Amino acid sequence: MYTEVPLFDVLNYLPDGIIIVDERGVILFANESFCEMLGYENTMLKGLNILSILADIDVFQKCISKVMQDGKSLDASTDFLHRDGYVIETTKSVRMIQHNGTTRFFVNIRNQSELNHLNKELLLSKELIEFQAHELSKLLNHRNQEIEEILGSIDEVIWYINNQNLTLSYVNNAVEDIFGIPKEDFLNDPVLWQQQIHPEDRLLVKTFFETLLPGQSQTICFRIIHNDNQIRWLNSRVHHHPKLHLFIGITSDITAPKAQSEEIAFLALHDPLTLLPNRAKLKLQLDNRFEHSANSPFALMFLDLDNFKNINDTMGHKIGDQILIEVSQRLRNTIGVYDFCARFGGDEFVIVLHNADLIWIDTIAKRLIQVFKEPFKINETDFFLSSSIGIVLYPQDASNEEDLIKHADTAMYNAKHKGKNQFVYYHSSMQQALYDFLRIESLIREGLKQHLFELYFQPLIDSKTLHIEGYEALLRFQHPKEGFIPPDVFIPIAEANGDIHLLAHEVLSQACDFIDTVRLMTNDPFFVAINVSAKQLYQEDFAHTLLDYLKQRSIPTSFLKIEVTESTLMENISLISNQLHELKMGGIRIALDDFGTGYSSFAYLAQLPIDTLKIDKSFILPLFEGDSNRHIVEMIANLAHILGMNVTAEGVEESYHYDFLLENKIDTLQGYHLCRPLPKNEILTKLQDEVHYFKPANSLAYTI
Ligand code: C2E
Ligand code: CA
Ligand code: CA
């Protein structure tokens with residue numbers, strides 16, 4: 001018997017079945033794998049003849065005899081019978097072993113059943129696949145045509161190129177429109193598409209393909225040169241298909257929308273009329289400065305055209321627009337290339353000067369003022385303009401955009417108040433002035449709403465009879481919290497913001513109430529003199545409206561006088577002269593107020609319908625401080641009388657004023673020495689008490 005046990009142990013671990021048989025076919029050894037393969041216990045197989053477990057005895061015997069004959073090993077397929085009766089397909093190799101004069105056969109058996117089964121299935125599937133593939137290709141041919149038709153009719157270019165060398169494999173009809181080159185040319189020359197890319201964008205496209213990872217999709221915008229030599233903007237969405245080794249893409253022409261969006265982007269940051277940067281761009285510019293060069297100083301100028309509104313109102317917006325265009329060109333040409341000029345609003349411009357050297361800022365500011373010296377010629381007509389400029393310095397005056405603009409604006413207003421056509425550097429005190437302005441402005445509006453404005457009346461005394469010949473109406477504003485606000489404070493603010501018209505209406509209505517009441521008490525003639533400011537007289541229908549109002553209230557025009565300041569008159573004499581003539585024709589008398597402080601030309605005075613010259617109190621109060629004031633008063637009185645006018649002196653505070661004026665033929669006297677401005681009721685009380693005239697205290701005499 002076979003006794004080499006250790007070897008059998010090794011044989012037991014092999015995955016193939018191993019048996020050893022003698023020349024008769026008796027099984028001397030069977031390993032575990034073989035027992036398992038056939039469903040037998042090891043002990044049952046030992047001593048059994050192999051023929052009893054073979055499905056095909058012939059094959060085995062042929063095989064054995066062949067091996068014995070050739071003395072070699074042999075591979076063949078053999079079917080064994082499982083203990084349960086079914087066939088197990090195997091391949092086996094048989095080896096003959098000669099040992100101590102006995103012959104043994106070593107048989108190695110590999111189970112082929114599963115493999116064969118799989119192979120059969122594979123074969124079946126292969127046939128099925130082939131059949132399906134055939135059917136599919138039939139279908140695809142039909143489909144391809146359909147797809148080709150669909151792709152051919154869309155506006156986007158559909159294409160795919162090799163992912164290695166970027167050669168074109170497919171492209172649809174749309175390519176012809178976008179490139180202006182026939183589709184066939186692209187297909188015949190697979191790299192033609194690369195040559196159509198704008199030279200500046202070629203690297204961009206190349207890098208795009210190089211970095212587009214397999215499986216990824218991405219978008220790229222680039223330019224091509226159309227066959228008509230125009231540049232077109234394309235947008236491509238590309239997918240990298242790793243299995244097909246392709247870049248597959250869809251491309252559209254975005255030239256028009258891009259141009260539109262660029263225009264929109266431009267317009268978002270520029271003024272469409274002058275093409276200068278707008279307020280939004282100014283903000284970006286400043287933000288940029290703060291971010292990147294926070295420590296480097298610069299100057300910001302706020303430039304506002306003087307009286308531009310007049311041109312716009314009288315000549316129309318078309319002319320106004322042309323002037324604005326010309327202005328912006330002149331400004332742009334005056335500042336440096338690195339400086340920035342934006343149109344901030346209607347006739348407002350903001351300039352940012354790169355160089356913050358004070359001498360340089362001064363030079364540019366002067367040039368900007370000079371720029372307006374040349375008239376603006378529009379349709380053969382010369383228009384004369386000027387500008388007011390406020391200058392603020394970064395960082396000392398303000399450190400953020402809002403404050404810079406606010407302070408430059410404040411300085412610009414200051415330049416306007418100082419007489420326009422000049423530049424002014426910002427100073428912190430201006431902010432206070434502006435604050436005061438805004439505070440008073442809001443108080444005026446409150447006062448108008450709450451009826452806090454009250455008209456006071458100051459008698460005007462006839463120097464010959466010492467009777468009251470009239471009253472000057474003076475506005476008073478007593479605020480419950482803020483106290484008394486003098487007219488010198490609120491009138492200029494109301495003039496500046498336009499509220500003067502509302503105040504004037506209040507004055508006229510209270511003056512007429514007063515006239516009505518006094519007329520009932522006395523038959524003596526009298527008048528109420530109201531102060532009229534320049535702003536009112538610039539209104540073309542001023543005289544007409546005033547006369548109309550008196551008519552409505554049935555008040556004869558002789559009861560009203562108006563006081564116009566000399567400086568108001570001289571500011572725009574031609575405009576105001578018409579109004580004065582109309583008033584005079586209507587029967588309203590006119591006094592020229594604060595006379596002597598302006599610079600009236602006598603030639604004008606003679607032509608204007610003026611009844612009274614009111615010598616300003618600044619000549620009367622210091623009447624005895626030196627000789628000149630007395631001489632001036634005498635001269636004015638003579639002049640007035642020569643021109644057929646009356647003379648009034650205001651500011652008669654002292655008895656020696658009074659004595660002097662009386663002696664020098666001043667017709668009318670007004671001042672604290674005679675009577676202070678009083679509220680309506682106090683005047684009425686005096687009238688009731690029949691104090692018709694004022695008897696001033698005895699003269700203290702004076703010496704010349
Ligand atoms: P004004 O028209 O020159 O008015 C005369 C001013 O002299 C008044 O000041 C009056 O109170 C003051 N006054 C009268 N007698 C004397 C005197 O003996 N000594 C001194 N030192 N002053 C005297 P008030 O009321 O403060 O008005 C100041 C200015 O405000 C007025 O100057 C006038 O220009 C303006 N104003 C007042 N009321 C009105 C108004 O209803 N409309 C307009 N547009 N302006 C007004
Ligand atoms: Ca006055
Ligand atoms: Ca006056």
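One-based numbering, in listed order, for ligands and for the atoms of each. Numbers here are sequence positions counted from 1. Here the structure is a predicted model, which means the values were calculated and not measured.
Aromatic ring orientation, Phe624 versus His657: parallel (interplanar angle below 30°, classes split at 30° and 60°). Between Phe372 and Phe376, the ring planes are tilted. Angles from 30° to 60° get that label. In this structure, Phe526 and Phe514 have perpendicular ring planes: the angle between them is above 60°, well past the 30° mark.
Taking each of Leu669, Asn531, Asp488, Val652 in turn, the one with a heavy atom nearest to atom 43 (C) of ligand 1 proves to be Asn531. Of the candidates Leu621, Leu474, Val564, it is Leu474 that places a heavy atom closest to atom 31 (C) of ligand 1. When Glu653, Lys617, Glu650, His673 are checked for heavy-atom proximity to atom 7 (O) of ligand 1, Lys617 turns out nearest.
Listed for the Asn664 side chain is a donor-acceptor partner under 3.5 Å among the backbone atoms of Phe660. Side-chain atoms of Asp271 come within 3.5 Å of backbone N or O of Thr274 as a donor-acceptor pair. For the pair Gln510 (side chain) and Leu455 (backbone), a donor-acceptor distance under 3.5 Å is present. Under the 3.5 Å distance criterion, the side-chain polar atoms of Lys535 are matched with a main-chain donor or acceptor of Glu495.
Qualifying side chain to side chain donor-acceptor pair (under 3.5 Å) partners for Thr668, counting only residues two or more places apart in sequence or in other chains: Glu469.
Residue contact check for ligand 1: Gly651 places a non-hydrogen atom closer than 4.0 Å to it. For Arg676, the closest heavy-atom approach to ligand 1 does not fall below 4.0 Å.
Of all atoms in ligand 1, numbered sequentially from 1 with element shown, those under 4.0 Å from a heavy atom of Asp594 are 3 (O). Taking every heavy atom of Gly671 and a limit of under 4.0 angstrom, the matching atoms of ligand 1 come to 15 (N), 18 (O). Those atoms of ligand 1 with a heavy atom of Pro677 less than 4.0 angstrom away are 11 (O). Residue Gln458 has at least one heavy-atom neighbour below 4.0 Å for each of these atoms of ligand 1: 14 (C), 15 (N).
Under 4.0 Å from ligand 1, not a single heavy atom of Lys614 appears. Contacts between Ile491 and ligand 1 below 4.0 angstrom, taking non-hydrogen atoms only, involve the side chain exclusively. Contacts of Val507 with ligand 1, taken as heavy-atom pairs under 4.0 Å, involve the side chain alone.
Interatomic distance, CG of Leu613 versus CG of Leu643, reported as 7.5 Å (0.5 Å rounding).
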Take Phe453 and Phe477, measure what ring pair (Phe, Tyr, Trp, His ring centres under 6.0 Å) needs, and give me the verdict at the end.
CA-CA 5 Å; Phe453 287 98; Phe477 182 17; 4.3 Å; yes
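In terms of polar-atom proximity, Tyr672 is counted as a contact of ligand 1, with an N or O under 3.5 Å from an N or O of the ligand.
Among the atoms of Glu472, an N, O or S atom is found under 3.0 Å from the Ca ion (ligand 2). Here Asn531 reaches the Ca ion (ligand 2): one of its N/O/S atoms is less than 3.0 Å from the metal.
Angle OE1 (Glu563) to the Ca ion (ligand 2) to OD2 (Asp593): 90°, rounded to 10°.
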